[in-house]
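Contents: one structure, followed by commentary.
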Amino acid sequence: MLVIVNGRVIDPAQGVDGFFDLTIDQGKIMKMTPSAGDMSGKGLDKRNASGNFTVFDASGKLVVPGLIDMHTHLREPGHEYKETIKSGCEAAAAGGFTSIACMANTNPVNDNQSVTEYILRKAKHEGCVNVFPIGAITKGLNGEVLTEMGDLRGAGAIALSDDGKSVKNNELMRRAMEYTQSFHLPIISHCEDPDLAKNGVMNEGYVSTCLGLKGIPHTAEEVMLARDVMLSELTGCPLHIAHVSTAGSVRIIRDAKSRGVRLTAETAPHYFTLTDEAVRGFDTNTKVNPPLRTEEDVQAIKEGLKDGTIDVIATDHAPHSLLEKDVEFDYAAFGIIGLETALPLSLMLYFEGVLSLADLIAKFTVNPARIFNLKKGSLLPGMDADVTIIDLENTWTVDVNKFKSKSRNSPFHGRNVRGEVVATFVGGKMVP
Amino acid sequence: MDKEDIDRVLTRIAHEIVERNRDCEDLYLIGIRKRGVTLAQRISQKIKGIKGLEIPIGALDITLYRDDLSEIDAQPILKKTEIPFSVKDKKIILVDDVLYTGRTIRAALDGIIDLGRPQFIQLAILLDRGHRELPIRADYIGKNIPTSRRELVEVSLLEDDDTEQVVLIEEGIHGVNK
Amino acid sequence: MGLTSKDLLTIQDLSVEEISLVLDTADSMKEISTRDIKKVPTLRGKTVINLFYEPSTRTRTSFEIAGKRLSADVVNISTSASSVVKGETLKDTGKNLQAMSPDLVVIRHPVAGAPKILADNLSASIINAGDGAHEHPTQALLDIFTIREKKGSLQGLEVAIIGDITHSRVARSDIYALSKMGARVRVFGPHTMIPVFIERMGVTVCHTLEESIKDVDVIIMLRIQLERQGDFLFPTLREYSRFFGLDLEKLKKARSDVLIMHPGPINRGVELSPEIADSPYTLILDQVTNGVAVRMALLYLLIGK
């Protein structure tokens with residue numbers, strides 16, 4: 001049994017924000033009682049004979065439901081040198097995430113029962129947080145043939161996505177959106193027109209003009225997004241938009257939602273923290289897809305988060321090794337790791353006054369849980385005891401060499417940030 | 001040295017040159033940038049006064065031939081070499097203001113020989129301050145001034161500087177000794 | 001005096017004073033190429049490596065001759081026959097070269113930013129001889145040297161750059177260099193080849209050939225890469241030469257004393273008609289001569305001590 005005492009508990013699912021003690025037993029939340037009021041907090045920590053906490057003092061800290069990341073790339077099976085399920089989970093826990101959903105673009109692609117079961121089995125034995133596999137929409141991500149969605153769901157997939165690519169064929173995407181409704185697997189769409197974006201390596205704009213690098217116009221994202229929105233309207237399929245990066249996309253989503261289209265959307269921290277100016281200097285750690293956009297887009301993303309157009313913040317954690325990143329810009333792989341920087345970067349939204357603390361936490365908890373239909377993201381009694389303890393005041397400097405992730409591809413190395421994960425509990429046990 | 005000294009000395013050098021090169025045919029003056037060029041021009045004027053002959057003048061920039069580029073603090077600014085005649089088979093009088101270690105003259109010799117093979121090269125110098133580091137000697141010397149290594153010889157000519165004089169400056173002590 | 005950085009990666013990094021220094025030095029260097037014995041001993045014992053990841057005759061030869069006239073030991077590496085084909089990364093190639101103690105490496109590479117990888121990893125001086133569509137600083141320097149030779153100063157001059165601006169590193173470097181030295185730049189080309197927001201670089205975008213060459217002091221024509229046809233950027237060479245190429249008839253709309261330049265190699269009949277290419281209006285061969293002088297100046301300023 002574990003009691004987390006004296007913390008400021010913020011649970012947007014219950015509309016709770018106050019000082020409560022959480023009682024946890026057998027891996028579940030038992031109850032939440034108002035704190036005794038002793039805020040001094042020294043020496044309240046107690047451990048049992050096995051070294052596990054029985055009392056955890058969260059004075060001066062935030063206590064929130066374990067964060068959920070809807071968009072992670074664990075490179076297992078196939079590219080274990082970049083990240084494994086084990087290391088990815090450790091990175092997640094370090095970043096305060098107790099549940100992560102991993103995309104299907106592994107090698108082999110997760111387009112069948114065997115790979116899904118493999119991931120779940122590996123996660124069970126080596127992963128310290130909850131891992132939820134996302135299956136592919138098309139076989140081999142080739143955009144030609146549908147996967148066996150029923151089979152994938154039976155194996156344990158919780159959603160479908162060809163992330164990394166769009167399903168280019170309109171008819172195929174339509175049928176995918178219809179077919180999945182027999183199995184209720186949410187579809188996550190990576191919106192990118194491959195022809196408009198072809199050979200592009202950064203945002204098409206003034207910076208790409210100055211640098212002579214081929215640009216990806218914002219329209220490449222918006223064109224596909226508009227198509228997906230219309231197909232969603234046609235088929236009635238609920239759709240989740242991955243990594244929204246442009247002002248135009250935010251506008252399209254806002255408009256569609258106001259018309260009642262069943263749409264949800266996510267963005268990643270780099271889209272409200274950096275612009276394409278960061279690419280000057282050719283640091284390949286700024287090369288990501290969708291690319292870093294302009295200041296105008298950053299403002300629109302923040303607006304979208306504020307007014308609820310964007311429901312979720314997801315990391316799009318994309319590990320790559322030096323082999324892929326320590327090369328010339330054109331040849332470098334796209335991707336930024338994000339599990340260990342997402343929280344402090346997102347807290348900037350609170351410090352800047354864009355979001356309230358509760359709204360911010362919701363983007364990581366109740367909202368993704370609802371979209372994925374997971375019984376997670378809340379501290380309601382009976383829920384799994386996934387809890388994250390956050391120190392809001394602590395300032396620190398990002399040091400990629402201390403990351404639990406196997407990879408180092410982050411443009412935030414050396415950045416001074418505020419807000420740190422103090423402890424992560426999965427099923428009532430502290431991890432790692 | 002003051003203005004009169006310099007003028008007197010140059011006149012003597014001009015006479016000496018005429019004396020040693022009877023007919024002054026195929027005689028050319030090459031001055032080492034930048035004050036050597038000024039001196040060459042003046043010498044040419046004087047020879048014109050003596051023999052009525054116009055001796056052609058060339059300007060040599062020896063920056064690219066120096067062996068001591070790494071010893072200088074700042075990278076010297078390159079000026080152009082402008083020698084409007086071929087040096088092949090010609091009698092060249094090389095002109096410079098101060099002869100010290102001899103390294104500048106060695107570089108100048110390389111520079112001229114890269115342009116062609118002269119008949120001979122003679123050296124005319126305003127001042128010889130001693131302390132040779134290479135076996136170089138002048139054919140025409142304006143004045144011999146024994147100096148110590150710590151001293152600086154500063155030559156000022158009206159065409160290049162504001163005044164006309166030669167001063168000896170001791171490092172650390174602001175003394176003037178003409 | 002001298003250049004502040006050990007490398008020359010971009011024109012943007014050079015100050016106006018540094019550019020003037022390079023041009024003045026090039027002036028002095030030009031004389032050496034007129035001698036019988038075109039050699040000075042200044043860079044004797046220095047090693048210069050030309051690392052060319054893209055084929056090039058004129059630029060590489062220009063650098064080679066520049067180095068040799070200064071008595072440097074020049075080594076050419078072109079990648080068709082080298083370890084690059086075996087999959088060695090640029091960084092590894094650079095480190096291997098560094099282990100042989102070169103004084104300077106000249107690099108031409110198809111990806112923007114590649115020279116910076118060498119500059120960051122090698123203690124040798126690095127000269128960018130063209131990186132992707134980003135910059136070609138020595139071309140810009142020889143271009144403004146050529147213009148300065150004819151016009152005395154670049155201040156207030158009107159210069160038109162015509163062609164595939166989007167993919168041209170020469171255009172970018174020229175725009176930066178000309179603007180820095182006080183000239184006013186206009187660009188013209190097929191709309192598909194004018195990059196977005198280029199006006200923010202301080203240039204005027206023209207919409208017809210006539211508009212771009214009217215009253216201009218210098219016209220710089222860019223080479224059109226024939227492969228671009230496949231990228232839907234223009235339909236045919238016929239159309240390109242009719243509306244975006246220069247011939248004597250169209251040239252009548254420009255001033256009679258206009259100077260015509262081209263970084264080479266020319267596509268005869270496409271961007272320049274043969275009559276213009278062979279005419280006295282063009283400074284194309286002067287550019288080549290000046291290229292050697294400018295590169296000699298750069299080698300001297302970077303490693304001549």
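Reminder, nothing fancy here: chain letters follow the sequence lines and each chain counts from 1. Only this structure's heavy atoms are used, side chains among them; waters, hydrogens and symmetry mates stay out.
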Got more than 12 heavy atoms from elsewhere within 6.0 Å of NZ, C/Lys116? no

With chain C as the partner chain, list the residues of residues 108-122 of chain B whose heavy atoms fall under 4.5 Å from it, by residue number, and write 'none' if nothing qualifies. B/Asp114, B/Leu115

By number, which residues in residues 22-31 of chain C have some heavy atom less than 4.5 Å away from chain B? C/Thr25, C/Asp27, C/Ser28, C/Met29, C/Glu31

Within 6.0 Å of CD in B/Glu82, more than 12 heavy atoms from elsewhere: yes

Are more than 12 heavy atoms from other residues, nucleotides or ligands located less than 6.0 Å from atom CD of B/Glu133? yes

Evaluate whether atom CD of C/Gln98 has more than 12 neighbouring non-hydrogen atoms of other residues, nucleotides or ligands under 6.0 angstrom away. yes

If you count heavy atoms of other groups shown closer than 6.0 angstrom to NZ of B/Lys3, is the number above 12? no

Is it the backbone or the side chain of C/Leu43 that comes under 4.5 Å from a heavy atom of chain B, or both, or neither? neither

Give the C-alpha distance, both sets of side-chain angles, the deciding distance and a yes or no for side chain to side chain contact (heavy atoms under 4.5 Å, CB included) between B/Leu64 and C/Ile32. CA-CA 11 Å; B/Leu64 298 178; C/Ile32 298 170; 3.5 Å; yes

Quick one: of C/Lys39, C/Arg35, C/Lys38, C/Arg44, who has the most non-hydrogen atom pairs under 4.5 Å with chain B? C/Arg35

Is the number of heavy atoms from other residues, nucleotides or ligands under 6.0 Å of B/Asp162 CG greater than 12? no

Is it the case that over 12 heavy atoms from other parts of the model lie below 6.0 angstrom from the NZ atom of B/Lys51? yes

Under a 4.5 Å cut-off applied to non-hydrogen side-chain atoms, are C/Thr42 and B/Tyr65 in contact? no

